[in-house]
Amino acid sequence: MVDSEPLVIHGLNKTFHNGQTSLKVLSNINLRVEQGELITVIGPSGCGKSTLLKVIAGLDAEYDGVVKIDREQIHQPGVDKGFIFQEHRLFPWLTVEGNIAADLSLKNPEVRAKVRDLIRLVHLEGFEKSFPRQLSGGMAQRVAIARALLRDPKVLLMDEPFAALDAFTRAHMQDVLLDIWEQNKTTMILVTHDIDEAVVLAQRVVIMSAKPGTIHSVVPVDIPHPRKRSSNEFLEVRRNVLAQLEAHMLQHTEQ
Ligand SMILES: Nc1ncnc2c1ncn2[C@@H]1O[C@H](COP(=O)(O)OP(=O)(O)OP(=O)(O)O)[C@@H](O)[C@H]1O
């Protein structure tokens, strides 16, 4: 059997052109994400984290280099690449179950059964008929995650999905996401500004540096879940990630 290769990025470069000016945003990005892996991406503002996610999602096809999911070069969006934004982007006129099904019919028993399973997975039983305006931010974001998972994506890409939530809801959402990941084993890439979030979730933390955006280092997190933020091993990895970010910033201010 040939090993599946969900995501391989090799020699990725990305430049934005705007009239006479051009801005190189991503430079020689190389990364392999194994099937079922959960990685987080952290780095200074403007280093190209969102751009990287958009390229992987197929939302931006103007790049150079190899970006492949399961050996297929990515050049357009598709349901095999789920994308979660900072804001939930639910349809206000559809219920929770309607939003999860989206363009698939709830009259189809298979779709109905899958929607029901996902509602259970994201802990929204009892809210099937609620509309987005009746949900909290965390609940709405859980609907967005369920909607992406309905299509069995090969990779779930999340761009600061919990940034708009209060600290308590955010910590709860991290637990919910880990629960989903452990049950579904979906490959996940999550961009965050929050070091604790990066370390509490990931198997590897990818640290990016800016101008142009490149991968500065990758820190493995070999701590079993659930992770205690106050444990020595957690604090040690956290310190390591912080040191890498600081080293990069120092390098940058010296240039
Ligand atoms: N469509 C675009 N056209 C021109 N420049 C762009 C475009 N999109 C992003 N950029 C520039 O590319 C750089 C990287 O942007 P990006 O949003 O990927 O960074 P980021 O690391 O996600 O930032 P943040 O952490 O602040 O969200 C920035 O300098 C930004 O101004």
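When a ligand or atom number is given, it counts from 1 through the structure's own listing order.
- Under a 4.0 Å criterion applied to the non-hydrogen atoms of C47, ligand 1 contributes the atoms 19 (O), 21 (O).
- To the nearest 0.5 angstrom, L12 atom CG is 8.5 Å from N28 atom CG.
- Here E87 pairs with R89 under the salt bridge (Lys or Arg N to Asp or Glu O under 4.0 Å) rule; sequence neighbours left out.
- Proximity to L23 (heavy-atom distance under 4.0 Å) selects the following atoms of ligand 1: 11 (C), 29 (O).
- Within a 4.0 Å radius of atom 8 (N) of ligand 1, the protein contributes one or more non-hydrogen atoms.
- Rounding to the nearest 0.5 angstrom, the gap separating the CG atom in D159 from the OG1 atom in T192 is 10.0 Å.
- Taking all heavy atoms of G46, G213, A210, S50 into account, the minimum distance to atom 13 (C) of ligand 1 is reached by G46.
- For ligand 1, the atoms closer than 4.0 angstrom to any heavy atom of H193 are 25 (O).
- With respect to atom 10 (N) of ligand 1, the closest heavy atom belonging to the protein is F16 CE1, 3.4 Å.
- Nearest to atom 19 (O) of ligand 1 by heavy-atom distance, out of G43, A163, G48, S45, is G48.
- Distance check, rounded to the nearest 0.5 Å: CG of N99 to CG of L90 gives 4.5 Å.
- With respect to D117 and R120, a salt bridge is recorded, a charged nitrogen being found less than 4.0 Å from a carboxylate O.
- Remark: K81 fails to qualify as a cation-pi partner of F83 under the 6.0 Å distance and 45° angle criteria applied to the six-membered ring.
- For K107, there are no salt bridge (Lys or Arg N to Asp or Glu O under 4.0 Å) partners, not counting sequence neighbours.
- Protein heavy atoms are found less than 4.0 angstrom from atom 2 (C) of ligand 1.
- Using a 4.0 Å cut-off to heavy atoms of V25, the atoms of ligand 1 that qualify are 12 (O), 13 (C), 14 (C).
- Within the set V55, D60, T51, the minimum heavy-atom distance to atom 16 (P) of ligand 1 is found for T51.
- Near E160, with a cut-off below 4.0 Å to any heavy atom, the atoms of ligand 1 are 27 (O).
- With atom 25 (O) of ligand 1 as the reference point, the heavy atom nearest to it among K49, K211, Q86 is part of K49.
- With E97 as the fixed residue, the salt bridge (Lys or Arg N to Asp or Glu O under 4.0 Å) test singles out one of R147, R116, K129: K129.
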